[in-house]
**Student:** 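Handing you this structure, nothing more for now.
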Amino acid sequence: MFDHHSPECRDDIVGYYAAFREKCPVGRSTAHESGYVYLTRYADVFQVARNDGLFSSTRAAGNLSGTAIVIPSGPFGEHLQYPLEMDPPDTLEYRRLLDLILSPAAVDQLRPMIARHATRIVDEFIEKGSADLVRELTNPLPSAVTLDWLGFPEEDWVRIGRPIHDVFTSEPGSERAAKAIEGVIYMERRIAELIIERRANPQDDAISVLVQQRKQDGSEFTDAELLSVIGIAVSGGVDTTTSLTGSVLVHLDEHRDMRQQLIDAPDLLIDGTDEFLRRYGSVTAMARTITADTEIGGCPVKAGERLLVPWFAANHDPAVFTNPELVQLDRDASRHLTFGTGTHRCPGAHLARAMFQEMIHQVLTRLPDYRVDREGLVGYPSRGNHMGWDVIPAVFTPGARVGAGVVTVSSAVPRQAGTFDVVLDAVESVADRVIKVTMRSVDGADLPAWQPGAHLEVRLPSGRLRQYSLCGAPADRQTYEIAVLREEAGRGGSDEFHEIATPGRTLTVRGPRNHFPLVEADGYLLLAGGIGITPILAMTRSLTQRGKNLKVVYGGRTAGSMAFRAELEALPEAQRALVAQDEHGLPDLRSAIQECAPGMAIYCCGPGAMIAAVQQLCDELGVRDQLHIERFAASDEQEARIASTEDNTPFQVELAKSGVVLDVPVDKRLIDVVRGALPGIAYDCEKGFCGSCETRVLAGTPDHRDEVLTKAEREAGATMMICISRAQSQRLVLDL
């Protein structure tokens with residue numbers, strides 16, 4: 001029988017859901033209360049989460065006295081959780097409060113404070129050389145940040161933060177659970193006191209902002225309503241980030257090659273956050289109540305039945321995420337449902353990411369050699385609703401306190417590399433359908449520094465964005481070199497580049513960014529296929545200059561298609577194997593990999609089929625931890641698609657509540673224009689996946705570009721995702 005709180009689910013939650021997904025993806029269980037329906041597939045979870053009419057979050061729908069959003073219903077039944085235990089339109093007033101204080105712009109203002117707390121907290125234990133990473137880092141940091149931001153005095157941070165953690169980690173009925181409940185009661189009393197204090201004497205904190213807000217009809221929010229909203233902000237801000245960060249720290253101890261990869265390429269921490277969220281999202285499941293007879297995934301269900309909505313199972317559905325049990329930093333995990341979707345999508349997503357990234361950054365930069373004592377790990381007693389670690393004992397090389405001198409993740413890992421203009425200096429053919437392009441800064445200034453493996457994003461005149469690996473000499477700060485293959489079945493970008501690539505042409509570029517850095521190793525095997533030679537060429541030059549042991553294996557369809565072949569042939573024969581397929585067949589990748597000594601690094605860049613073959617060989621030969629592959633980060637390709645101005649037309653948007661009319665030009669997104677006037681609007685993924693920015697359309701015809709709305713919803717045109725969609729009509733009127 002299915003039971004999401006069972007020891008079997010706790011001990012192997014991935015395998016548990018996978019087994020039921022295979023044999024009975026939608027089913028019934030009698031494990032708790034009067035029974036419930038469970039789901040396991042992404043499509044079913046997504047469908048339910050976006051349909052509040054059929055699948056209610058209220059207590060009334062299930063005739064419940066306890067918390068409605070978990071199974072079994074939660075023990076804290078005295079206070080309704082606004083807006084979690086509500087359905088639209090009742091949710092809207094309270095959701096607006098949370099969106100106001102948790103918008104991306106608001107969270108950006110908190111980043112220096114997050115960094116200060118992170119530095120202070122690590123300073124408190126770094127000299128010891130050992131720590132329980134939960135008790136001394138992953139619980140204190142979110143507690144301090146969340147409670148400081150809201151306006152709680154420092155003496156409350158531990159007194160509230162620790163019990164919030166204990167709520168999720170204690171066995172029901174235990175002494176620890178009783179103390180956790182006492183802590184929650186204390187938290188509620190303190191919130192009530194702070195509401196009264198801030199109404200009388202506002203401060204520079206989030207509670208002061210909330211008490212000054214008014215409902216749409218001009219009335220005040222009651223103290224009870226604000227208590228519930230603030231309580232949600234506390235509980236959501238504290239332990240969910242504690243759980244996520246702890247799980248990732250354990251993962252990086254188990255996969256030290258990935259840890260080193262994040263140390264060597266800090267951008268990957270930002271790009272990989274959603275993948276970590278997908279794999280280790282702390283809230284594993286929530287619950288709804290079915291309001292009318294219907295069917296889910298072909299299974300009839302009845303009004304009044306309780307329904308388990310497992311975000312974790314959706315995030316591990318192989319129909320959406322290939323090899324879901326693996327963390328793949330180059331995966332586009334934007335579709336993950338860790339934060340939910342629809343009207344109840346977590347408004348704290350931006351704050352959670354910021355706190356997680358700062359904690360991981362602190363560990364990678366200040367405790368880079370930490371080791372987890374696996375025997376001392378203690379997990380949550382159940383993974384039914386939440387997953388994580390209660391105790392993570394670790395040792396590391398003691399370090400020094402740094403006070404305010406630490407570099408924060410926001411400054412060490414800029415989200416956007418610089419954008420600037422270059423002029424094409426020279427264009428020459430270097431192989432069949434391949435040109436080498438040399439470019440300089442338009443003003444003659446030094447170009448940004450780069451290292452082998454870096455790539456540059458180029459904006460073409462059409463608005464297309466494409467990434468190309470730099471293949472010149474990193475020491476040359478006056479020029480960049482890239483090589484562009486004219487693809488026979490491409491999407492048009494390579495054709496356009498070849499057409500416009502003439503000396504004197506000015507283009508806008510962004511970068512460089514490096515997700516494929518060279519690590520220190522005893523030797524190097526560099527595998528390249530086709531145009532994948534570009535980053536490998538830069539690596540070859542650098543390693544040769546440094547006198548490193550290396551071998552290059554380079555394959556192409558024909559000798560004439562292999563760019564830079566002559567330069568590579570200048571290497572000693574023992575260091576190269578250049579293989580033209582029409583003459584010699586495919587390169588002997590297996591032999592090349594088998595010859596690698598344990599301390600060597602293997603780098604591979606080429607067609608997807610080649611990369612897959614190399615990964616499989618490395619798995620078979622037990623050297624996967626030595627392999628580094630080049631795929632442009634999923635976030636880069638996705639950003640390029642979103643930022644492209646292809647097929648865009650200008651239009652106007654009217655914000656109905658204020659009557660303001662704004663112009664949306666070809667090169668600006670609708671959401672950027674709207675949030676210039678309304679900085680507190682809700683949004684998250686900005687890729688058309690999550691549904692956070694769904695907005696009612698009062699007039700006009702949307703140009704839907706999202707992956708949330710159904711065909712019928714698109715045709716109706718009643719709502720749109722303003723992060724990515726545009727307008728077919730000359731004007732849109734939005735309910736904003």
**Student:** Look only at the side chain of Arg576 and the backbone of Leu571, and say whether a donor-acceptor pair between them is shorter than 3.5 Å.
**Tutor:**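 The answer is yes, because a donor-acceptor pair under 3.5 Å joins these two groups.
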**Student:** If only atom types and distance count, is the side chain of Ser542 paired as donor or acceptor with the main-chain N or O of Ala538 below 3.5 Å?
**Tutor:**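 The answer is no, because no donor-acceptor pair under 3.5 Å joins these two groups.
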**Student:** Keeping His251 on the side-chain end and Ser247 on the backbone end, is there a donor-acceptor pair under 3.5 Å?
**Tutor:** no
**Student:** Would you give the length of the straight line joining atom OG of Ser6 to atom CZ of Arg383, rounded to the nearest 0.5 angstrom?
**Tutor:** 12.0 Å
**Student:** Donor-acceptor pair, Asn514 side chain versus Pro452 backbone, under 3.5 Å?
**Tutor:** yes
**Student:** If you look only at pairs with a residue in residues 520-545, which of them pass as a salt bridge (Lys or Arg N to Asp or Glu O under 4.0 Å), with sequence neighbours excluded?
**Tutor:**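 Sorted pair list: Glu520-Arg546, Glu520-Lys548, Arg541-Glu567.
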**Student:** Please check if atom CD in Gln616 has more than 12 non-hydrogen atoms from other residues, nucleotides or ligands closer than 6.0 Å.
**Tutor:** no
**Student:** With sequence neighbours left out, which residue pairs that include part of residues 370-380 fulfil the salt bridge (Lys or Arg N to Asp or Glu O under 4.0 Å) condition?
**Tutor:** Asp253-Arg374
**Student:** Is Glu620 paired with Arg590 through a side-chain N to carboxylate O contact shorter than 4.0 Å?
**Tutor:**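 Yes, Arg590 and Glu620 are salt-bridged.
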**Student:** Cationic tip of Arg335 within the cone over Phe689's six-membered ring, i.e. under 6.0 Å and within 45° of the normal?
**Tutor:**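 Output yes; distance and angle both within limits.
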**Student:** Does Asp588 use its side chain to pair, donor to acceptor, with the backbone of Ser591 at less than 3.5 Å?
**Tutor:** yes
**Student:** Could you tell me which non-hydrogen atom of Thr338 sits nearest to which non-hydrogen atom of Gly281, and how far apart they are?
**Tutor:**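 Minimum heavy-atom contact is CG2-CA, 3.5 Å.
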**Student:** Is it true that the side chains of Arg510 and Thr419 contain a donor and an acceptor less than 3.5 Å apart?
**Tutor:** no
**Student:** Identify the two heavy atoms, one from Pro142 and one from Thr241, that lie closest to each other, and give their separation to 0.1 Å.
**Tutor:** CG-CB, 4.1 Å
**Student:** Does a side-chain N-to-carboxylate-O contact under 4.0 Å join Arg466 and Glu457?
**Tutor:**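 Answer for the salt bridge query: no.
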**Student:** With a sphere of 6.0 Å drawn around CD of Glu127, does it hold more than 12 non-hydrogen atoms of other residues, nucleotides or ligands?
**Tutor:** yes
**Student:** Fit a plane to each ring of Phe20 and Tyr16, take the angle between them on a 0 to 90° scale, and name the class: parallel (under 30°), tilted (30 to 60°) or perpendicular (over 60°).
**Tutor:**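 Geometry flag for Tyr16 against Phe20: tilted rings.
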**Student:** Show the numbers, then the answer: is there a side-chain contact (heavy atoms from CB on, under 4.5 Å) between Leu589 and Leu527?
**Tutor:** CA-CA 8 Å; Leu589 299 175; Leu527 308 175; 4.2 Å; yes
**Student:** Can the ring centroids of His628 and Phe516 be said to lie less than 6.0 angstrom from one another?
**Tutor:** no
**Student:** Pair Arg331, Arg278 - check side-chain contact (heavy atoms from CB on, under 4.5 Å), show working.
**Tutor:** CA-CA 10 Å; Arg331 188 199 304 269; Arg278 180 199 67 80; 3.5 Å; yes
**Student:** Does any N or O in the side chain of Ser243 come within less than 3.5 Å of the main-chain N or O of Gly388, such that one atom is a donor and the other an acceptor?
**Tutor:**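 Side chain of Ser243 to backbone of Gly388, a donor-acceptor pair under 3.5 Å: no, none is there.
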**Student:** If the threshold is 4.0 Å, N to carboxylate O, is there a salt bridge linking Arg41 and Asp317?
**Tutor:** no
**Student:** Between His5 and Ser382, does the side-chain hydrogen bond (donor to acceptor under 3.5 Å, both in side chains) criterion hold? Intermediate values first, please.
**Tutor:** CA-CA 5 Å; His5 289 292; Ser382 166; 2.7 Å; yes
**Student:** Is it true that a side-chain atom of Asp132 and a backbone atom of Ala394 form a donor plus acceptor pair closer than 3.5 Å?
**Tutor:** no
**Student:** Considering all heavy atoms of both residues, which atom of Leu262 and which atom of Leu269 are nearest to each other, and what is their separation?
**Tutor:**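 Smallest heavy-atom distance, with atoms named: CD2-N, 3.6 Å.
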**Student:** Does either side chain, that of Asp369 or that of Thr397, offer a donor lying less than 3.5 Å from an acceptor on the other one?
**Tutor:**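 Asp369 vs Thr397: donor-acceptor pair found between side chains.
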**Student:** Give, for atom CZ of Arg624 and atom CD1 of Ile593, the distance between the pair rounded to the nearest 0.5 Å.
**Tutor:** 11.0 Å
**Student:** Do the charged groups of Arg353 and Asp274 touch, with an N to O distance under 4.0 Å?
**Tutor:** yes
**Student:** Using atom types as modelled and distance alone, determine if a side-chain donor or acceptor of Gln615 lies under 3.5 Å from a backbone N or O of Ile629.
**Tutor:**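 Not confirmed, Gln615 side chain does not pair with Ile629 backbone.
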**Student:** Please work out whether the ring planes of Tyr524 and Tyr603 are parallel, tilted or perpendicular, with thresholds of 30° and 60°.
**Tutor:**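 Ring orientation of Tyr524 relative to Tyr603: tilted.
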**Student:** Do we see a donor-acceptor contact under 3.5 Å between the side chains of Tyr380 and Asp239?
**Tutor:** yes
**Student:** Ignoring hydrogens, what is the shortest heavy-atom contact between Leu526 and Met539? Give both atom names and the distance.
**Tutor:** CD1-CB, 4.2 Å
**Student:** Examine the side chains of Asp390 and His165 and answer whether a donor and an acceptor come within less than 3.5 Å of each other.
**Tutor:**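 Their side chains do contain a donor-acceptor pair, which is all the 3.5 Å distance test asks for.
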**Student:** For the CD1 atom of Ile531 and the SG atom of Cys471, what is their distance to the nearest 0.5 Å?
**Tutor:**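 Going from the CD1 atom of Ile531 to the SG atom of Cys471 covers 8.0 Å.
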**Student:** Roughly how far, to the nearest 0.5 Å, is CE of Met600 from CD of Glu595?
**Tutor:**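 Those atoms lie 9.0 Å apart.
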**Student:** Looking at Arg120 and Glu124, is any side-chain nitrogen of the basic one under 4.0 Å from a carboxylate oxygen of the acidic one?
**Tutor:**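 Salt bridge between Glu124 and Arg120, a charged N being under 4.0 Å from a carboxylate O: yes.
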**Student:** Of all heavy-atom pairs between Tyr17 and Ala313, which one has the smallest distance, and what is that distance?
**Tutor:**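 Shortest heavy-atom contact: CD2-CB, 3.5 Å.
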**Student:** Do you know which two heavy atoms are closest between Ala354 and Arg111, and how far apart they sit?
**Tutor:** CB-NH1, 3.6 Å
**Student:** Can you tell me how far OG of Ser282 sits from CE of Met387, rounded to the nearest 0.5 angstrom?
**Tutor:** 8.5 Å
**Student:** Any idea how Tyr480 and Trp450 line up, ring-wise: parallel (<30°), tilted (30 to 60°), or perpendicular (>60°)?
**Tutor:**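 Perpendicular: the ring planes of Tyr480 and Trp450 meet at over 60°.
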**Student:** Kindly determine whether Leu456 and Gln467 satisfy side-chain contact (heavy atoms from CB on, under 4.5 Å), including the steps that lead there.
**Tutor:** CA-CA 6 Å; Leu456 195 68; Gln467 292 90 20; over 6 Å; no
**Student:** Do the numbers put Arg259 on top of the ring of Tyr370, so that NZ or CZ is under 6.0 Å from the six-membered ring centre and no more than 45° off the axis?
**Tutor:** yes
**Student:** Checking side-chain contact (heavy atoms from CB on, under 4.5 Å) between Met355 and each of Thr245, Thr242, Thr146, which is the one that passes?
**Tutor:** Thr146
**Student:** What distance separates Glu136 CD from Ile121 CD1, expressed to the nearest 0.5 Å?
**Tutor:**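 Separation between the atoms: 11.0 Å.
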**Student:** Please lay out, stage by stage, how Asn315 and Phe312 fare under the test side-chain contact (heavy atoms from CB on, under 4.5 Å).
**Tutor:** CA-CA 5 Å; Asn315 286 343; Phe312 189 91; 5.7 Å; no
